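Inspection log for the structure reproduced underneath, given as structure tokens.
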Amino acid sequence: MAETTTHMGTHGAAHHIAPTTRWRKVLRFHAHLVEMVVVMVLGMMLLAPAWDWAGAAVGIEALLARPDVGAVVMVLDMVAAMTVWMRVRRHGWPAIWEMNAAMAAPFAVLLVLFWAGAVSAGDMMLWGHVLMVPAMAGAMLLRPAEYTEHVHGFDLVWLRERWPVLVGLLLLVGTLAGAGAGDGVPTWLVFAMALVYPVVGVLRNSIRGRSMVLLQAAGLAVFGGISLLAGVLVGQDTGAYVLAAGLVGHGVWDAFHHRANAVVWRWYAETCVVYDVLLAAAVLASTLGS
């Protein structure tokens, strides 16, 4: 039977919305699926040039040319685009994570088969894309009302508020450009970013209580030690791994402060999370690809 909903207007008059028939639900479901496939393809196409530039900047073109690495990069591009689009379209985070997992699942299985020599690189790429669409449809079937009944609209306010992510990406581009020019990623960077917290905290008077003072002192000591150790081991793979670990650790430090809204501005913590984690990934990729 058709489901008819009634909406009360601002003056109390009842307005009947068109019945949600089974046929209408089917159309909405397939329209959502087509929409997400388009977003998936656009993400793959639009982000690929960024990887080409980054690969040239840090000297990992050969690594990115590997079929297994290329498959992982492609999935990351599609997942990133899907996450942003679904959030803008007001989908809930559980639905977003389920969709991301569904998109990655076919390639996760095929990569294991590729490494085992059971499938070729061409078959991996072909079947990964073919199986991704029914996997996405399966994720949608887990929450049928999410894709057949809700009118999601566009949450452009959330998108505008993500400007710290853009700042982090721009800072990353500048750092990678410097590394590509032969400067490398400076080992003192982790300590410098850690130093920002107590300095800003003092200026903002946002470090209150003995426990917070001790926490900031401990963070400064730990990240300073990591920077010193990475500097001693500079030029060695171990030094790069230490630097990458320090960057990831500082990303966790940023996330903690962002969630607690403590010491620094939330926008700064969000910017730093993006910058730290992606720079750590670039350092590791450069080391493994050399």
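Reckoned from all heavy atoms, side chains included, excluding hydrogens, waters and symmetry mates. Just so it is clear, the structure is predicted and the values come from calculations on it, not from any experiment.
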Go through the steps for His32 and His91 under the test side-chain contact (heavy atoms from CB on, under 4.5 Å), then give the verdict.
-> CA-CA 12 Å; His32 258 102; His91 288 277; 3.9 Å; yes

Test side-chain contact (heavy atoms from CB on, under 4.5 Å) on Val248 and Asp276 and set out the steps.
-> CA-CA 6 Å; Val248 172; Asp276 288 343; over 6 Å; no

Yes or no on ring-ring contact (aromatic ring centres under 6.0 Å, His included) for Tyr197 and His250, after CA distance, side-chain angles and deciding distance?
-> CA-CA 11 Å; Tyr197 279 79; His250 196 266; 5.8 Å; yes

In sequence, state the C-alpha distance, the side-chain angles, and the governing distance for Val75 and Met103, and then conclude on side-chain contact (heavy atoms from CB on, under 4.5 Å).
-> CA-CA 7 Å; Val75 171; Met103 293 169 64; 5.6 Å; no

Take His258 and Tyr268 through the test ring-ring contact (aromatic ring centres under 6.0 Å, His included) and record every step on the way to the result.
-> CA-CA 8 Å; His258 181 272; Tyr268 175 82; over 10 Å; no

Do Leu171 and Leu279 pass the side-chain contact (heavy atoms from CB on, under 4.5 Å) test, and can you show the C-alpha distance, the side-chain angles, and the key distance before you say yes or no?
-> CA-CA 10 Å; Leu171 291 173; Leu279 185 57; over 6 Å; no

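Counting heavy atoms from C-beta outward, Leu131 and Phe107 have side chains that stay 4.5 Å or more apart. Contact of the Met74 side chain with the Met125 side chain is registered, since non-hydrogen atoms from C-beta on lie closer than 4.5 Å. Side-chain contact between Leu247 and Val190 is present, with heavy atoms from C-beta onward closer than 4.5 Å. Taking the side chain as every heavy atom from C-beta outward, Trp253 and Met193 never approach each other to under 4.5 Å.
A continuous path of hydrophobic side-chain contacts links Val199 to Leu220 [ILVMFWY only; heavy atoms under 4.5 Å]. Hydrophobic clustering places Met136 together with Trp97 (ILVMFWY residues linked when any side-chain heavy atoms are closer than 4.5 Å, directly or through intermediates). In this structure, Trp93 is a member of the same hydrophobic cluster as Met99, with clusters built from ILVMFWY side-chain heavy atoms closer than 4.5 Å. When the side chains of ILVMFWY residues are joined at heavy-atom separations under 4.5 Å, either directly or via intervening members, Val173 and Leu278 end up in a single hydrophobic cluster. Cluster membership check: Val26 does not share its hydrophobic cluster with Leu142, using side-chain heavy-atom separations under 4.5 Å among Ile, Leu, Val, Met, Phe, Trp and Tyr.
Counting all heavy atoms, side chain and backbone alike, Ala54 lies closest to Leu176 at CB-CD1, 4.4 Å. In terms of heavy-atom proximity, Leu47 sits nearest to Ala80 at CD1-CB, 4.3 Å. Of all non-hydrogen atoms in Gly43 and Ala81, the two that sit nearest each other are CA-CB, 3.5 Å. Closest non-hydrogen pair, Gly246 versus Phe223, comes out as O-CE2, 3.9 Å. Listed here is the closest heavy atom pair of Leu110 and Val119: O-CG2, 3.9 Å. Between Asp77 and Trp51, the closest heavy-atom pair is OD1-NE1, 2.5 Å.
Remark: side-chain polar atoms of Ser227 are paired, donor with acceptor, to backbone N or O of Phe191 under 3.5 angstrom. Not one N or O on the side chain of Thr287 forms a donor-acceptor pair closer than 3.5 Å with the backbone of Ala240. Judged purely by atom type and a 3.5 angstrom limit, Thr148 has no side-chain atom pairing as donor or acceptor with the backbone of Lys25.
Under 4.0 Å is where a charged nitrogen must lie from a carboxylate oxygen, and between Asp155 and Arg87 at least one such pair does. At a threshold of 4.0 Å, the pair Arg28-Glu149 does not count as salt-bridged, since none of the basic side-chain nitrogens sits closer than that to a carboxylate oxygen.
For NE2 of His30, the number of neighbouring non-hydrogen atoms (other residues, nucleotides, ligands) closer than 6.0 Å is 12 at most.
For Arg90 and Phe154, the positive end is not near the middle of the six-membered ring at less than 6.0 Å and at most 45° from its axis.
Between the side chains of Trp267 and Glu161, no donor-acceptor pair of N or O atoms lies under 3.5 Å.
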